[in-house]
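Below: the structure, in structure tokens.
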Amino acid sequence: MAHPAGSAPRAQVVIIGCGFGGLEATKALCDAPVDITLVDRTNHHLFQPLLYQVATAGLSAPAIAAPVRHLFRKQANVTSLLAEVASIDPVQRVVHTTDDGTLPYDHLIVAAGATHSYFGRDEWARFAPGLKTLDDAFEIRRRVLLAFESAEKERDPQRRADWLTFVVIGGGPTGVEMAGTLAEIARQTLPGEFRRIDPAQARILLLEGSPRVLQAMPEDLSEKAARQLRKLGVEVRTGSRVTSIDAHGLDVTPAEGAPYRLASRCVIWAAGVAASPLGRRLAEATGAQVDRAGRVTVEPDLSLPGHPEISVVGDLAAARSHVPGKEPAPVPGVSPAAKQMGRAAATNIVRRLRGEPTEPFRYRDYGNLATIGRNAGVVDLTTPFGRVKFSGYPAWLFWLFAHVYFLIGFRNRIVVLFDWASAYWSRQRYARVVTDIEPAPTDG
Ligand SMILES: Cc1cc2nc3c(=O)[nH]c(=O)nc-3n(C[C@H](O)[C@H](O)[C@H](O)COP(=O)(O)OP(=O)(O)OC[C@H]3O[C@@H](n4cnc5c(N)ncnc54)[C@H](O)[C@@H]3O)c2cc1C
């Protein structure tokens with residue numbers, strides 16, 4: 001990188017991933033005397049908390065994604081590259097990309113996030129897609145809409161019922177939001193548009209292995225969420241472990257009673273999360289440890305042991321929050337944590353450049369929220385005055401405005417507000433165009 005004659009070369013910072021962690025780290029280094037190379041394998045920053053809205057045809061992709069290059073057009077110290085990182089050489093201090101690119105660094109922030117995990121049963125991925133990227137959302141939307149189309153064409157009542165049985169596996173926020181919205185599509189959006197089937201007769205099942213949905217929430221809010229889901233017509237089955245999935249359905253072992261089979265042609269996976277594979281490769285190269293989910297164990301200041309020039313942030317980091325006078329506590333894999341870690345890693349780079357000691361990471365937890373279809377939700381907030389919990393319509397409104405507020409870009413906020421307002425009054429979901437009409441995978 002060019003620098004004025006006589007001046008010291010500027011430190012080279014490479015940031016891998018422009019999700020929540022990488023985006024915040026890059027922004028936080030805006031005025032720092034560094035040159036940043038921001039590398040991501042997609043050309044957009046994705047607002048994952050609203051991805052289920054694309055998967056359920058409520059929003060179109062550009063409403064929740066923003067081009068990385070556009071986001072940093074005014075930040076002169078950022079070069080944005082579209083490339084997939086293959087490996088990191090901590091000895092030469094170089095990042096290698098799959099297109100044979102090499103990116104030398106003085107400081108490296110790794111923010112490559114997470115992916116879904118099928119707990120060692122990767123063959124299930126074909127039959128039960130997970131939700132992590134825009135492509136995943138398009139695939140789920142395609143399968144959901146084409147299941148109704150196939151049911152309309154099917155003459156055999158049993159096979160028609162199979163097409164109209166939708167199963168969501170995993171009762172975390174994504175599973176709850178998906179199941180609630182699927183019920184809404186079946187009961188409120190599609191009726192009146194089909195002639196041979198009644199979409200309102202569709203079954204939506206939410207399977208959760210543990211005893212309750214929304215485990216991260218207090219027990220009373222979990223119960224309220226389950227009640228709100230049932231009111232929408234979702235069959236909530238907790239304590240239900242999935243033991244196999246194929247093209248025609250899945251096998252379930254309940255906590256009590258005999259194992260059973262569920263016939264379904266549309267299964268959605270919202271159950272497991274594992275760190276990006278880049279984490280293990282980085283750990284092998286640096287001697288760092290990974291936990292069971294493949295997250296890299298970091299020092300209190302988010303750097304790697306023996307490598308103060310490498311920081312890992314966001315979903316890829318097994319980090320702890322360091323509050324003076326308290327035991328270090330694990331940091332959850334949520335977007336506010338990724339953002340805070342990104343900012344903390346950037347601040348520590350600046351401190352190192354100034355020759356100052358780095359600071360331990362401290363996570364500020366503002367609480368949890370989830371929405372359950374139209375007009376219902378649960379909110380558990382941590383405020384300076386204590387914990388505030390509420391549910392139902394006020395929680396749904398709070399969820400709505402919080403998500404619009406945190407969306408990237410003024411245009412996206414307006415588009416999302418407009419689309420939601422129009423969907424609210426019309427009960428329609430407009431992003432329903434599909435181009436590939438092969439409805440579901442076969443066993444072959
Ligand atoms: C469907 C869904 C719903 C969610 N809902 C919520 C919610 O309601 N509230 C909440 O707080 N959190 C939610 N989360 C979690 C939240 O999105 C994550 O905690 C957050 O995105 C983590 O940020 P990150 O920067 O670590 O990773 P990410 O945001 O996942 O970003 C990682 C980036 O790295 C890039 N990348 C990965 N590997 C490579 C590579 N090898 N080379 C180059 N680039 C690479 C990816 O393309 C991506 O842009 C949700 C997640 C999902 C999937």
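In listed order, ligands and their atoms are each counted from 1. As a basis for the values below, the full set of heavy atoms in this structure was taken, side chains included, without hydrogen atoms, waters or symmetry mates.
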Inset, instruction - Report yes or no: does A83 have a heavy atom closer than 4.0 Å to ligand 1? - result: yes
Legend entry - Candidate with minimal heavy-atom separation from atom 39 (C) of ligand 1, of R41, R281, H44: R41
Inset, instruction - Taking atom CG of D100 as the centre, report whether more than 12 heavy atoms of other residues, nucleotides or ligands fall under 6.0 Å from it. - result: no
Legend entry - Check: D251/T243 side-chain N/O donor and acceptor closer than 3.5 Å: no
Inset, instruction - For atom CD of E327, decide whether the heavy atoms of other residues, nucleotides or ligands shown that lie under 6.0 angstrom number more than 12. - result: no
Legend entry - Pair D291, Q289: side-chain N/O donor-acceptor within cut-off below 3.5 Å: no
Inset, instruction - For atom 8 (O) of ligand 1, decide whether some protein heavy-atom distance is shorter than 4.0 Å. - result: yes
Legend entry - Mode of S335 contact toward ligand 1 - side chain, backbone, both, neither (heavy atoms, under 4.0 Å): both
Legend entry - atom 23 (O) of ligand 1: nearest protein contact (heavy atom, Å): A338 CB, 3.3 Å
Inset, instruction - Answer with yes or no whether the side chains of T133 and D135 bring together a donor and an acceptor at under 3.5 Å. - result: no
Inset, instruction - Give the single entry among P49, S87, A270, A337 that approaches atom 4 (C) of ligand 1 most closely by any heavy atom. - result: P49
Legend entry - Closest protein heavy atom (residue, atom, distance) for atom 20 (C) of ligand 1: F20 CD1, 3.6 Å
Inset, instruction - Could you tell me whether F119 atom CZ has more than 12 heavy atoms of other residues or ligands within 6.0 Å of it? - result: yes
Inset, instruction - Tell me, yes or no, whether the heavy-atom count around D436 atom CG, taken from other residues, nucleotides or ligands under 6.0 Å, exceeds 12. - result: yes
Inset, instruction - Answer yes if the ring centres of F127 and W124 are under 6.0 angstrom apart, and no otherwise. - result: no
Inset, instruction - Mind checking the CD1-CG spacing from I268 to L206? Nearest 0.5 Å is all I need. - result: 10.5 Å
Legend entry - Side chain, backbone, both or neither: the part of T174 lying under 4.0 Å from ligand 1 by heavy atom: side chain
Inset, instruction - Just jot down the ligand 1 atoms closer than 4.0 angstrom to any heavy atom of G19, in number order. - result: 25 (O), 28 (P), 29 (O), 31 (O), 33 (C), 49 (O)
Inset, instruction - Give yes or no for whether the N/O distance cutoff of 3.5 Å, strictly under, is met between E177 and ligand 1. - result: no
Inset, instruction - Compute whether any side-chain donor of one residue and acceptor of the other, for Q53 and R429, lie under 3.5 angstrom apart. - result: yes
Inset, instruction - Starting from atom 37 (C) of ligand 1, find the nearest protein heavy-atom neighbour and note its residue, name and distance. - result: A112 O, 3.1 Å
Inset, instruction - Answer side chain, backbone, both or neither: which part of A370 comes under 4.0 Å from ligand 1, heavy atoms only. - result: neither
Legend entry - Min N/O separation L278 to ligand 1 under 3.5 Å: no
Inset, instruction - Taking the six-membered ring for Trp and the full ring for Phe, Tyr or His, determine whether the centres of W420 and W396 are under 6.0 Å apart. - result: no
Legend entry - Polar contact flag for V85 and ligand 1 (N/O pairs, less than 3.5 Å): yes
Legend entry - CZ/R241: more than 12 non-hydrogen atoms of other groups inside 6.0 Å: no
Inset, instruction - Would you please classify the geometry between the W269 ring and the Y118 ring as parallel, tilted or perpendicular, with 30° and 60° separating the classes? - result: parallel
Inset, instruction - Could you tell me which atoms of ligand 1, counted from 1 in the order shown, lie closer than 4.0 angstrom to a heavy atom of A111? - result: 32 (C), 33 (C), 34 (O)
Legend entry - Contacting atoms of ligand 1, where contact means under 4.0 angstrom from a heavy atom of G314: 26 (O)
Inset, instruction - Output the list of atoms in ligand 1 that are nearer than 4.0 Å to some heavy atom of G17, sorted by atom number. - result: 33 (C), 34 (O), 35 (C)
Inset, instruction - Would you mind listing which atoms of ligand 1 come within a distance below 4.0 Å of any non-hydrogen atom of D315? - result: 18 (C), 19 (O), 20 (C), 22 (C), 26 (O)
Legend entry - Closest approach of any protein heavy atom to atom 25 (O) of ligand 1, naming residue and atom: G21 N, 2.8 Å
Inset, instruction - Would you mind checking which non-hydrogen protein atom is closest to atom 51 (C) of ligand 1, with the distance to 0.1 Å? - result: Q48 OE1, 3.4 Å
Legend entry - Shortest protein contact, atom 47 (O) of ligand 1 (heavy atom only): D40 OD1, 2.7 Å
Inset, instruction - List every atom of ligand 1 that sits less than 4.0 Å from any heavy atom of P336, numbering the atoms from 1 in the order shown and giving each element. - result: 11 (O)
Legend entry - ligand 1 contacted by G333 (non-hydrogen, < 4.0 Å): yes
Inset, instruction - May I ask you to say whether E24 pairs ionically with K27, meaning some side-chain N is under 4.0 Å from a carboxylate O? - result: yes
Legend entry - Where ligand 1 meets G113 - atom numbers and elements under 4.0 angstrom, heavy-atom basis: 26 (O), 27 (O), 30 (O), 32 (C)
